[in-house]
2 protein chains.
Amino acid sequence: MNFQNLIKEFKKKGYKLTPQRRIILEILSEEKHISAEEIYERIRSSQPNVSFGTVYRNLNILLELGLIKQLDFKDGRTRFELNEGHHHHLICLNCGSAVEIQSCPFSSEVQKAAISQNFSIKSHSFKVYGYCRNCNYKKEKKGDRKGEQRN
Amino acid sequence: MNFQNLIKEFKKKGYKLTPQRRIILEILSEEKHISAEEIYERIRSSQPNVSFGTVYRNLNILLELGLIKQLDFKDGRTRFELNEGHHHHLICLNCGSAVEIQSCPFSSEVQKAAISQNFSIKSHSFKVYGYCRNCNYKKEKKGDRKGEQRN
DNA sequence: CTTCTAAATAGGAATGGTTATAATTTAAGA
DNA sequence: TCTTAAATTATAACCATTCCTATTTAGAAG
């Protein structure tokens, strides 16, 4: 879903289109797995009075509408991205970077397990944790991961 | 790994065996996906002076030793369980309950994707979100999930 | 059994992400 | 242009988790 369609969808549900919302949607359509704080910082560079409340309120609305999904990369903050192109992530335990993988492991076996429990599936999450190309390299070189920065 | 082996493993690594630690290990070997607060409450019923710091410090040590793993059920608190018997979970979005599934979807396709990225895998997480048997039933009956309690 | 000391704990303060509140502003329909 | 429900701002509150420091203790050594 592109930017224009996002806005259309948003208005269709009866929400007002404020400048703040427009920018949040813009940022989300440019950037993957972005955190609330990063969105806040980016809006502030053009609109210095935007508050955290606005960012979180609108992220929660977008979640309810199913337009975005939240990601947990185990770095203490929730991340968000547009809910398009089903995919999963390889997440680096050292630098926090995430790479998309298109391969989805959801199987009929899982489905059977759910059915046998009378469990109705709404979504699933698959995450692979480890060390990325870059951090692997540094580990071999220096044998030290303490000073690294998570970005 | 049973309780006695847990303690053995713990001492082998050079940690002192305090009464607080013994109880935390006891609780973890009795209860699956338990939160720090629940552990705190349960210890307090027999040892009223235990602090949250002690609970969290020891949970983090156990994580480092690989004796427990942390779970995220999207209810705002981290949960923990002994790291034994690889399995995944069906997590109810309404009541927060979790049911183990033995089926693991990790595939050679995922492995290939990781290799092609020079990504070295340490662990993975697979979670299925939806509504459990019980909450499905209530939804059909009442069409209302607002008043439900997450347990 | 005592002494010693590094490690662990208790209690409370601090932190950081997120949510709530209340007064003010505004999008957009009439 | 007027009106008003909805949205925003600024700030306080919340809550899980971590940090700090004085005190206690497990376990090694004598």
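Naming convention: chains lettered A, B, ... in sequence-line order (proteins, then strands); numbering from 1 in each chain.
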Self-check item: Which residues share a side-chain hydrogen bond (donor to acceptor under 3.5 Å, both in side chains) with B:Ser103, sequence neighbours left out
Solution: none
Exercise. Scan residues 11-20 of chain B against DNA chain C and write down, sorted by residue number, each residue with any heavy atom closer than 4.0 Å; if none is found, say none.
Key: B:Tyr15, B:Lys16, B:Thr18, B:Gln20
Quiz prompt | Aromatic plane relationship, B:Phe126 with B:His88 - under 30° parallel, 30 to 60° tilted, over 60° perpendicular | solution = perpendicular
Practice problem: Return the set of residues passing side-chain hydrogen bond (donor to acceptor under 3.5 Å, both in side chains) with B:Gln47 (not counting sequence neighbours), or none when no residue passes. | Solution: none
Quiz item: What are the 5'-most and 3'-most nucleotides of DNA chain D lying under 4.0 Å from any heavy atom of chain B?
Solution: D:dA16 to D:dG27
Self-check item: Pairs involving residues 40-51 of chain A, ordered by first then second residue, that meet salt bridge (Lys or Arg N to Asp or Glu O under 4.0 Å) (sequence neighbours left out)
Solution: A:Glu30-A:Arg42, A:Glu31-A:Arg42
Practice problem: Would you please name every residue forming a side chain to side chain contact (heavy atoms under 4.5 Å, CB included) with B:Tyr15, sequence neighbours left out? | Solution: B:Phe10, B:Lys13, B:Arg21, B:Ile61, B:Leu65
Exercise. Inspect the contact between B:Glu9 and B:Lys12 and indicate whether a charged nitrogen and a carboxylate oxygen are less than 4.0 angstrom apart.
Key: yes
Quiz prompt | Non-neighbouring partners of B:Lys32 that pass side-chain hydrogen bond (donor to acceptor under 3.5 Å, both in side chains), sequence neighbours left out | solution = B:Glu100
Practice problem: Return the residues of residues 49-61 of chain A meeting this criterion: a heavy atom under 4.0 Å from some atom of DNA chain D. Order them by number, or give none. | Solution: A:Asn49, A:Val50, A:Ser51, A:Thr54, A:Arg57, A:Asn58
Exercise. Kindly write out the residues that satisfy side chain to side chain contact (heavy atoms under 4.5 Å, CB included) with A:Lys8, not counting sequence neighbours, or none if the list is empty.
Key: A:Asn5
Quiz item: Taking five pairs at each end, how big is the angle between the two axes of the helix from C:dC1-D:dG30 to C:dA30-D:dT1, to 10°?
Solution: 30°
Quiz item: Excluding sequence neighbours, so at least two apart, what forms side-chain hydrogen bond (donor to acceptor under 3.5 Å, both in side chains) with B:His33?
Solution: none
Practice problem: Heavy atoms of chain B, cut-off under 4.0 Å: which first and last nucleotide of DNA chain C, 5' to 3', fall inside that, if you could look? | Solution: C:dA6 to C:dG11
